[in-house]
Amino acid sequence: MPLALLALAIGAFGIGTTEFVIMGLLPEVAGDFDVSIPTAGFLVTGYALGVVLGAPLMTALGTRISRKRMLMLLMGLFIAGNLLSAVAPAFGVMLAGRIVASLAHGAFFGIGSVVAAELVAPEKKAGAIATMFSGLTVANVVGVPLGTFVGQAIGWRVTFVVVAALGVLGLAGVAKLVPDLPKPEGVRLRDEVGAFRNVQVLLAMAMTVLGFGGVFAAITYITPMMTEVAGYSDSAVTWLLVLFGLGMVGGNLIGGRFADRALMPMLYVSLGGLALVLAAFTLTAHNKTASAVTIVLIGALGFATVPPLQKRVLDQASGAPTLASAVNIGAFNLGNALSAWLGGVVISAGLGYTAPNWVGALLAGSALVLAVLSATLERRSAAPSPVIAGATPVAERAQAVHH
């Protein structure tokens, strides 16, 4: 794998850290700005919405410049947003900083996926995408716990300064290591938008929303589930999330490796396994050991879908993949928001803290149905029409009679 992928992974590490570290620092931020915890939660919601909106917006704005230059500009935006959060004098300013940083998220991963795929041979594209996304998965194992520790021990503002420094490192890496690949000739914004007329692109994005949404239906409510149902202490939740992150790292690498060999079978296995494990979590959540093992499996199976889904979008929008790739990153965050809301609905309905696991299982199962549908449609479109095939001999016989 080229060294340029390391630069992309470093950028992904910083982005992953800033996205998730805020969840562990909400009490400190809320106390500093004298706002409630639910109000401080807008820092999470605002970031997610910024990713969904920023992915197509920033990608569209960057269609006139090279991908390398756009990646550098996005890292600059990421640095500025985190520095603004670090020095924010009021809650509204910090929220603005979070949104500024989030605007870089979807476009960086979307454009980065295209660049990563172009740096390697066709049979290694999913592996290259997985290498870049490894920065995001490792962030959940290393960056988020360390960032939370630093924020609680020294101050949450220091955490965001450190994240901004990671952005500087990522920017330098992109500038030094990523080649200035030529833009595809004749590809305009109109062509990028036209990719969304392809039903296979839309199906892949729907799989992204539902499949990864299944993961976050359960993980969003992991703290009350583990403390109230499994019997873990509050302090143990951090290490359970590290286990989830380790599962993500392994699943991402496995998904990238096997998606290059058999993409759709990889999706069948990961989505089907995810649906089964999430359903089983309603039972295993009542046991400490079983719940810990299940959390690892959810992380592994959930993130095993990421490289094949991202590659599926790139393959189906091959003529103009940049915008579709970025929008698919927004689809991951849309799935997170949708599933978190649905999980809250079933808990509020009095169905218990394990009820979101059923929501997740249904979402992942729905994604599997779409994967089968997508493959079926693809096979049908590739098969020769029986009408046309049967018409040829008739035409030949008619021509023979004529002669």
Side-chain angles (χ1 to χ4, degrees), residues 48 126 130 133 136-137 140 200 202-222 225 241 243-252 254-256 258-259 262-285 290-313 328-347 351-376:
F133 273 94
L136 177 64
T137 58
N140 284 273
Q200 291 291 356
L202 298 179
L203 282 172
M205 290 181 178
M207 283 184 259
T208 297
V209 172
L210 296 173
F212 210 69
V215 174
F216 268 77
I219 295 303
T220 299
Y221 301 98
I222 196 70
M225 200 187 308
L241 289 175
L243 289 178
F244 173 69
L246 288 171
M248 290 169 67
V249 172
N252 176 59
I254 292 170
F258 285 97
L263 191 148
M264 294 308 292
M266 183 67 221
L267 277 179
Y268 298 153
V269 171
S270 55
L271 290 172
L274 180 61
L276 291 174
V277 168
L278 285 167
F281 200 19
T282 57
L283 301 176
T284 60
S291 60
V293 172
T294 306
I295 288 170
V296 175
L297 290 175
I298 291 173
L301 290 166
F303 232 84
T305 67
V306 175
L309 282 172
Q310 195 69 9
K311 184 174 184 290
R312 180 74 173 169
V313 170
N328 197 50
I329 301 299
F332 283 106
N333 284 267
L334 181 60
N336 296 352
L338 172 67
S339 61
W341 173 72
L342 289 173
V345 168
V346 294
I347 291 175
L351 299 179
Y353 285 125
T354 61
N357 298 329
W358 283 115
V359 173
L362 288 172
L363 290 173
S366 300
L368 176 60
V369 171
L370 290 183
V372 174
L373 173 63
S374 175
T376 302

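Only a predicted model underlies this, so the values are computations on that prediction, with no experimental measurement involved.
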Can you check whether [X] reaches [Y] side chain to side chain, under 4.5 Å on heavy atoms?
X      : Y      : value
Thr284 : Val293 : no
Phe281 : Ile295 : yes
Leu246 : Val296 : no

When rounded to the nearest 0.5 angstrom, what is the spacing between [atom1] in [X] and [atom2] in [Y]?
X      : Y      : atom1 : atom2 : answer
Thr354 : Leu283 : OG1   : CG    : 8.5 Å
Leu334 : Met205 : CG    : CE    : 11.5 Å
Leu338 : Leu363 : CG    : CG    : 6.5 Å
Met207 : Leu373 : CE    : CG    : 8.5 Å
Ile219 : Ile298 : CD1   : CD1   : 5.0 Å
Leu243 : Met248 : CG    : CE    : 13.0 Å

Indicate the atoms forming the closest heavy-atom contact of [X] with [Y], along with that distance.
X      : Y      : value
Pro356 : Val346 : N-CG2, 3.8 Å
Lys311 : Ala126 : CD-CB, 3.5 Å
Leu274 : Leu301 : N-CD1, 3.7 Å
Ala375 : Met264 : CB-CE, 4.2 Å
Leu136 : Asn140 : O-ND2, 3.0 Å
Trp358 : Ala279 : CZ3-CB, 3.8 Å

Show, in sequence, the C-alpha distance, side-chain angles and deciding distance for Val215 and Phe244, and conclude whether the side-chain contact (heavy atoms from CB on, under 4.5 Å) test is met. CA-CA 11 Å; Val215 174; Phe244 173 69; 3.8 Å; yes

Donor-acceptor contact below 3.5 Å, side chain [X] vs main chain [Y]:
X      : Y      : value
Asn252 : Phe303 : no
Tyr268 : Val372 : no
Gln200 : Ser374 : yes
Thr208 : Ala204 : yes

Start with the C-alpha distance between Asn328 and Phe332, add both sets of side-chain angles, then the distance that settles side-chain contact (heavy atoms from CB on, under 4.5 Å), and finish with yes or no. CA-CA 7 Å; Asn328 197 50; Phe332 283 106; 3.9 Å; yes

Can you sort out the partners of Ser339 under side chain to side chain donor-acceptor pair (under 3.5 Å), two or more places apart, ordered by chain and number? none

Side chain to side chain donor-acceptor pair (under 3.5 Å) filter on Thr137, not counting sequence neighbours, yields none

Test side-chain contact (heavy atoms from CB on, under 4.5 Å) on Thr294 and Val277 and set out the steps. CA-CA 7 Å; Thr294 306; Val277 168; 3.6 Å; yes

